[in-house]
Amino acid sequence: MCGIVGYVGFRNATPLIIDGLQRLEYRGYDSAGIAIIQDDAIRLSRDVGKLGNLRARLERQPLAGCIGIGHTRWATHGVPAEHNAHPHISMDGEFVVVHNGIVENYLELREELSAEGVVFQSETDTEVIVHLVAHFAHDGAHGDVTEATRMAVQQLRGAHAIGIMSSRQPDRLVAVRTGNAGGVALGIGDGESFVASDIPAILEQTRQMVFLESRQMATVFADHHVVQTLDGESLSPQIHQIAWDPVSAAKGEFKHFMQKEIFDQARSLTDSIRGRIDFEREEVLLPELNLTAEQAHSLQRLVTVACGTSYYSGLVGKFYIEHMARLNVEVDYGSEYRYRDPIIDANTAVLAITQSGETVDTLAAMEEARDKHATLWSIVNAIGSQAMRVADGYITMNAGPEIGVASTKAFTSSIADQYLLALRLGQLRGTLGSEQRRQYVRDLERLPDLVGRTLETFDAVDQLASYFYQYSNFLFLGRGINYPIALEGALKLKEISYIHAEGYPAGEMKHGPIALIDEQMPVLAIALRDAVYDKMISQIEQAKARGGIVIALATEGDTLMATKADHVLYVPETPPLLSPIIAVIPLQMLAYAIAVRRGADVDQPRNLAKSVTVE
């Protein structure tokens, strides 16, 4: 895993591919490589570690040609090593492959190919693909790379995104998608074409793109492409015009992408709200959701499926939808959902939340829901992603490209989107009075300004980080609608600083975690002035009685909190339902500031990837 970039055209492919791979670095990887057809032969260059290592190698030993493919790998089979890095080449040197996914039957295929005399050069599952393509090219496909690839893919179990190139036919690339192992986008230029696993890789080169669905393949030439099903049926896929601005992915004045994306949130939330609320009529408009009043009334239950940060977003959304729409909501981990034979029917809506739109566990949960005839919705950030395309309706986060692996602006945008969804459902189901609805709309209108004011506390947060960056354990506590924010705050800290941190509903502290509290375990309590404020004061006092160091997140003007906690971070007074968005921002900033002080790789934490496309 994780990034694929290909090019065929009139320019030198090498710098274009390397630039595309660099734009996919946010997905996480342990090695990188490139294959170019040069002087009628496939030439490889691969290296372990960051893309800079591959760049240095290419400076020493340049590759130049008008067609090529490249890859950044996140290991699933075989340790990070040059011989395990993609691309992988066939024994005859005529075919080369890059691949995202897992070949579930690779051991069986490897044994069969070994028995035929194939000598493997890696421990990867991917290498069986290129040897299968070579096998079929020599035996039945008459050397045609498209047909040989089609025959090879039929032998594979699992979900895959594959790029193939052959020196026999040096005017084309072949791309394949089966299942939900990640996206495959075809970029259409002027006399040149691109292939990529994600839009940002090629967005600077072209805005016109075609997206392959599962069990589709494309033969990509410089001036055209041919798309077919794996069964050979010709297709005429839609060409999408992508509107993202590549400049928005630049760090600009910020030291890290994560820092930039934290500070992007006033804008990203404005973009999430813009065009979706009629502020004059004070109504929510979500046309892409494709939801009628009749359908809204027929719903008896909503199930949110998501993973990681998106799961915590769904827990916040549960409060919104149950409160505003009076619709029962369950929140499930996408990775576990399909393994318990969930009860779903036509009166159930399943909402998938996924920044990338390509998270394999969430897509599998969506497939389970589709098979059981549920209404299928998605909240996604990546335009044109699988989760967006397979849903009956969708809401785009409009956060723009999120490069940092640890999600920040996509998290808050997805919460805002669920607030909009709850309002829309409440309108259609008649569960919100007109004055109530107006107030919720007015509250949302204030949100970007409240976020901007919260971001102004960065210096105070940074100062706090200087006191706590050497601690090894943290406990985050919250109640009510902010207990998911305690979970998210702990996740952010552990993701990027590698500090052990746990998030809990504050009422659960005395049911076990209180045994851990001492002077070596700071407790961060989300104690805003809301309906559970007095309960949180009690939790703080209990922690202090055990010798705990308490950091409180409090509402501006709360003088009592300064007498209860050791350290206080203040945020603007916020409407209770929107407080999770405000509360999470200082926790994002604290995790960032602590990680920087600890010398961690903030944008690309170890062992993590932005788009998780394997189970």
Side-chain angles (χ1 to χ4, degrees), residues 3-24 33-45 55 58 62-71 87 94-98 143-150 161-177 183-213 216-228 234-247 249 383-384 401:
I4 293 173
V5 181
Y7 173 81
V8 54
F10 56 87
R11 291 189 278 172
N12 183 8
T14 300
L16 297 171
I17 292 170
I18 295 298
D19 180 69
L21 292 177
Q22 184 172 348
R23 296 175 189 280
L24 297 181
I34 186 171
I36 298 291
I37 296 181
Q38 178 177 304
D39 299 327
D40 300 322
I42 294 172
R43 309 294 185 190
L44 289 183
S45 187
R55 284 185 184 274
L58 287 167
L63 295 179
C66 294
I67 182 171
I69 52 177
H71 191 271
E94 294 182 352
F95 300 90
V96 68
V97 65
V98 292
D144 181 70
V145 64
T146 301
E147 186 59 26
T149 301
R150 186 198 314 279
I162 300 169
I164 298 278
M165 183 174 70
S166 173
S167 59
R168 290 188 176 195
Q169 295 173 303
D171 62 341
R172 68 197 69 182
L173 298 171
V174 176
V176 182
R177 179 173 187 165
V184 177
L186 313 180
I188 303 168
D190 186 5
E192 56 186 353
S193 297
F194 305 82
V195 174
S197 55
D198 206 354
I199 293 171
I202 55 177
L203 188 57
E204 195 166 83
Q205 307 300 331
T206 179
R207 300 291 180 87
Q208 289 191 305
M209 298 188 194
V210 167
F211 302 103
L212 296 188
E213 305 292 345
Q216 291 182 0
M217 65 186 302
T219 307
V220 182
F221 301 86
D223 57 358
H224 72 288
H225 57 266
V226 178
V227 179
Q228 300 172 303
S234 295
L235 300 171
S236 298
Q238 180 183 353
I239 297 175
H240 298 262
Q241 185 74 25
I242 307 301
W244 282 357
D245 177 5
V247 176
I383 307 299

*With a 4.5 Å limit on heavy-atom distance, are the side chains of Gln208 and His240 in contact?*
no
_Per the salt bridge (Lys or Arg N to Asp or Glu O under 4.0 Å) rule, what does the pair list look like for residues 185-194, sequence neighbours excluded?_
Arg11-Glu192
*asked:* Checking Thr146 against Gln228 for the side-chain contact (heavy atoms from CB on, under 4.5 Å) test, could you report, in this order, the C-alpha distance in whole Å, the side-chain angles of both residues, the deciding distance, and whether it holds?
replied: CA-CA 10 Å; Thr146 301; Gln228 300 172 303; 4.3 Å; yes
*Is there a donor-acceptor pair under 3.5 Å between the side chain of Ser167 and the backbone N or O of Ile42?*
no
_Ala175 to Leu212 - nearest heavy-atom pair and separation_ = O-CD1, 3.7 Å
*Which heavy-atom pair separates Leu44 from Ala35 by the least distance, and what is that distance?*
CD2-CB, 3.4 Å
_Atom pair CD1/CD1 of Ile242 and Ile383 - distance to nearest 0.5 Å_ = 7.5 Å
*side-chain contact (heavy atoms from CB on, under 4.5 Å) with Pro237: which residues, sequence neighbours excluded?*
Val210, Val227, Leu235
*Donor-acceptor pair, Gln216 side chain versus Glu213 backbone, under 3.5 Å?*
yes
_For Ser45 versus Leu63, what's the shortest heavy-atom pair and its separation?_
CB-CD1, 3.9 Å
*Does Ser197 use its side chain to pair, donor to acceptor, with the backbone of Ile4 at less than 3.5 Å?*
yes
*Which is it for Val8 and Arg172 under the side-chain contact (heavy atoms from CB on, under 4.5 Å) test, yes or no, and what are the steps along the way?*
CA-CA 7 Å; Val8 54; Arg172 68 197 69 182; over 6 Å; no
*Do the side chain of Ser193 and the main chain of Phe221 share a donor and acceptor less than 3.5 angstrom apart?*
yes
*Taking Asn12 for the side chain and Gly65 for the main chain, is one N or O donor matched with an acceptor at less than 3.5 Å?*
yes
*With no hydrogens and no angle check, is any side-chain donor or acceptor of Gln38 less than 3.5 Å from a backbone partner on Ala64?*
yes
_For a side-chain contact (heavy atoms from CB on, under 4.5 Å) check, start with the C-alpha distance between Asp171 and Ile67, then their side-chain angles and the critical distance, and finish with the verdict._
CA-CA 7 Å; Asp171 62 341; Ile67 182 171; over 6 Å; no
*Answer yes or no: is there a donor N or O on one side and an acceptor on the other, between the side chain of Ser166 and the main chain of Glu94, under 3.5 Å?*
yes
*Could you give me the CA-CA distance, side-chain angles and deciding distance for Val176 and Val184, then say whether side-chain contact (heavy atoms from CB on, under 4.5 Å) is met?*
CA-CA 7 Å; Val176 182; Val184 177; over 6 Å; no
